[in-house]
Amino acid sequence: MDNSYCSCCFNNNVMDMNNNIEKKWQTEWKNNHVFESKIDNNRPKFFVTVPWPYTNGSLHVGHGRTYTLGDIIARYKRLEGYNVLFPMGFHESGTPILAFSERLRENDPDTIKLYRSYLEEYEEKGNIDRLIESFKEPENIANYFADKIINDFTALGYSIDWTRRFTSADADYQEIVKWQFKKLKDLNLIKQGNYPILYSIKDENAVGEDDIKDGDVDKVTIEEYTGLILENDDFNLIAASVRPETIFGITNAWISNSLYTIFEYNNKHYAVSKEAFTKLSYQYNIKFVKDIKPDEITSRKFKVPLLNEYIDVYIADFVDPDNATGVVYSVPGHAIYDYYYIKKLGLKLNIKKVIAIDNISVEKLLERYGYEEKSLKEATQELYKAEYYNGILINSGNYSGLSVKDARDKIKNDLISSGKAIIVYETSRKAVTRSGSKVIVAVINGQWFIDYSQPWLKKKTHEMIDEMAFYPEFYRKIMADAIDWLRERPCARKRGIGTRLPFDNEWVIESLSDSTIYMVGYTNLKYLRNIYNELGEIPDEILNYVYLNGDFPENYKKFREDIQMARNEFNYWYGVDLRITAPPHISNHLSFYLMNHAAIFEKDKYPKGLIISGLVISNGAKISKSKGNVISLLKIKEKYSADIYRLFVAVGADISSLLDWNEKDLSAVIKRYESFIDIMNNFEFKNDDGFIYKWFASRFYSNLNDYFNLMASYKIRDAYISIFYNVLNDIKHLELRHGDVNAAVSMILKDWLIALSPVIPHTCEEYWHRYIENSFVSLKTLDKNIANRIDNYTIESENYIENLINDIREIKRAAKISGSGALITVYGDDQEYFIKNYNNLTGKFKIAIPDYMKNKQRIMNKMIDEYAIINENIDYIQEMTSLKIEVNRSNKIDKKNPWPGRPLIRII
RNA sequence: GCGGAGAUUGCCGAGCCAGGACAAAGGCGAUGGAUUCAGGGUCCAUUUCCGCAGGGAUUCGGGGGUUCAAAUCCCCCUCUCCGCACCA
């Protein structure tokens, strides 16, 4: 708590300076068009994308991580000499913006509060009401926040080429989406069918997880029941079950003591509970006939299909009329409830066994759990599970001998195809929307799907995945599994912002499906736009030519220049070399992204790499409004500056792991950054040489080498620990050695600023201009050929000195003595001879073998001139140990010897 | 249930894929010291235990195995986290 004090001090000084500096360079970059990418055939290209943000509100720390990683990588790739394209656009498709706008129109207090909180960060108090009023028009929300996000991204120093910006609501972009869907249809990947969804009768709308009360903590899913038709000449009864394989064990049926409804379906009459009728009317085209009392059912007998026997119906209070059809059939041989109630009601029924399984049965379970109502549920679960995994059907006609698993699907399908059963959908639990209206399952007729189940498409996508790069690697398998798991996916809905299906105007393409290949637009939409503006469409012939190397569209040759540019830009930049996203996208966006590319494009346009970064939490908790730990990007850059945020994102956690945004870790990063600023502000060019400068330069290039190697696999954190933290530590060490910091930094400043610039670009740009030259460090490249600048002999020598000092200290501590001096004996000719001729030693040398073996682990294999090195650094050793140091060379081999890297030390 | 990730020394968190110099990086915290210093700054040292000579003992969720050698490889167990669809 108290150290908030110190970050305040920091805020006042460095922070203000930083904000000015940052704005200055952002303006310079923009005015000089530094990050606007152009085709350059002399350089390899690198196309990096992050998902376009959804514009229904402002972004927070969590969102910022992915974008910041994208920018760091874009900048690093420039530094490596690539021609980089790092674009951005905005997502406006789908229902949320529409829904928020609607709620504002209804003056919903929560929504008003939410938007007020967004706006308070950006606007003067006086403007807020006016803006909220304007948000009643959905596009005003989208436009407002798109602008704010551009500002935020600019303020964080992102090197985005904004000239290529577009949104998913732009009419010209939507021409590409339409073209894409026509392609998918040509490939037979578009289908139509019935589809169950969660639905609110009162709202007359589909409901998502977010709309359901406690939907995030207790998920609601759609359950599929088999509605078995029990026949009677007056009317049929529909009994719902999740275990159709037990049909041969039916002895009776149960209903509740409540109202039932008779309806007409395909000219026949059926009865279900009154509640069930309402729900079924959203699943089937049925007509109300009349309500009846339960005794109209219990007074009749009904015939069970397949079994071909007539059964009685009884009233039981465990039957819930508001679950499925409100009618259940009874299999006392294999259902705990049924058995219990038959005994309880004293019914004389012939209990049949139709599943063979060892060591478990209804009777045994009831004995174990006790004949009590409260334990029935638990016993049921145990029984169902055991029978499902281990049961074999018996006494079940043609189905005898099948496993329960197999029989379930087979009997269900046979019943449905012969008209003896229908599918009945029900929610997995009773659920209501946030506004309190009941959630049921409705079946949408004529729903459009993309069929991702096609084997040829899965195969192609798997081949793509095999070729791609994944960071971290383990996501390759997760991605492949997600592809296998994908089936038909609804791709359109009746409302929301987006593109209309080109072959069915009633439907709007669903928001994730319209954004699977949108990155193509970054390469060339600005040229296609010219065509759209004139024609009001972008004809397929043009897009086929541009994206699929089709024939030149002679009909449109007056647009030859734009068409040619669009095609060149696409062929030069596409495919996406690296896409950076987060884990929640794997089973949806990323799967569609890969599969749509596999379906439509040639291999050389496939995605080439994927980074999946970890989540961001804030102060140890998931970021959410309710926890009050949402920190907007705007606030971050105001409070900490862009470079500090970027540095924290880079070094705060490994790319794949959880990043916790918290004051403590942050202040550690700030401390290091401040010491860098300190060095830089006090810098002036100086010349000096000597051992420690040689060491420092070697260490720097060794760190730089590590940086290159680590960045090659996007280990950004480790790379910056090398080039930032390690170098700062070396500078501290150099000070301890009484080296001149400025002289040392003079040797490496240019390369250091370039290497740091991807993470702290503003800071680097500032010092680059101040000390180096008037050009943009953001566009400089670094030479990787630095092996000759690393002098390992010097590095090892310094290590040797440090080890020596540590040994002397340890001896002093362990021996609890404090002499005034130390005599150091380093290895001599005899020891050197010993090591070189270890395999055929003779005479006097044999005496040293035990000593050599004992110390072997710490003997350096490379020999350095220890005598000279100690003498060269003797002042430092004396200072660090507070001992007067004397050195000599060993002149004989003995029982106890100094060895390379392991001198003898005697405190005197 | 299915699939995935993980459990490391006070805390956070590297290392594990390619076994050996690992008592195990780094940060935070703690302790001692330095700094013409009055204790929120900076620097140095220590931070599993034992040790009057640079050493030894015991550790990396639990158990077993492979190996000259295991935090690292194999098997079993326990526990934690994440995803499972129409929602951007």
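Just so it is clear, the model here is predicted, and its values are computed rather than measured. Just so it is clear: chains get the letters A, B, ... in the order the sequence lines come, proteins before strands, and each one is counted from 1.
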Asks: If the plane angle is over 60° it's perpendicular, under 30° parallel, otherwise tilted; pick one for A/His589 and A/His585.
Replies: perpendicular
Asks: Would you say A/Thr95 places a side-chain N or O within less than 4.0 Å of OP1 or OP2 belonging to B/rA88?
Replies: yes
Asks: Cationic tip of A/Arg489 within the cone over A/Tyr452's six-membered ring, i.e. under 6.0 Å and within 45° of the normal?
Replies: no
Asks: Do any side-chain nitrogens or oxygens of A/Ser587 fall under 4.0 Å of OP1 or OP2 in B/rA85?
Replies: no
Asks: Could you say whether A/His585 or A/Glu810 is positioned toward the 5' end of RNA chain B, judged by the nucleotide with the nearest heavy atom to each?
Replies: A/Glu810
Asks: Between the side-chain atoms of A/Asp654 and the base atoms of B/rA14, is any donor-acceptor pair under 3.5 Å?
Replies: no
Asks: Quick one: is B/rA53 close enough that its OP1 or OP2 comes under 4.0 Å of any side-chain N or O from A/Lys812?
Replies: no
Asks: Which nucleotide, in any strand shown, forms a Watson-Crick or G-U wobble pair with B/rU31, with both distances under 3.5 Å?
Replies: B/rA45
Asks: For a quick check of understanding: with a heavy-atom distance under 4.0 Å over all strands, which category does A/Arg476 fall into, base, sugar-phosphate or nothing?
Replies: nothing
Asks: Quick one: is B/rA14 close enough that its OP1 or OP2 comes under 4.0 Å of any side-chain N or O from A/Arg717?
Replies: no
Asks: Can the ring centres of A/Tyr173 and A/Tyr518 be said to be less than 6.0 Å apart?
Replies: no
Asks: Output the rounded distance in Å from NZ (A/Lys477) to P (B/rA5).
Replies: 8 Å
Asks: Roughly how far apart, to the nearest Å, are B/rC60 and B/rG6 at atom C1'?
Replies: 14 Å
Asks: Do the side-chain N or O atoms of A/Lys671 get closer than 4.0 angstrom to the phosphate oxygens (OP1, OP2) of B/rG41?
Replies: no
Asks: Could you tell me whether the phosphate oxygens of B/rA88, OP1 or OP2, come under 4.0 Å of any side-chain nitrogen or oxygen in A/Arg493?
Replies: yes
Asks: Considering only the P atoms, how many Å lie between B/rA23 and B/rA71, rounded to the nearest integer?
Replies: 9 Å
Asks: At under 4.0 Å, does any side-chain N or O of A/Arg902 touch on OP1 or OP2 of B/rG55?
Replies: yes
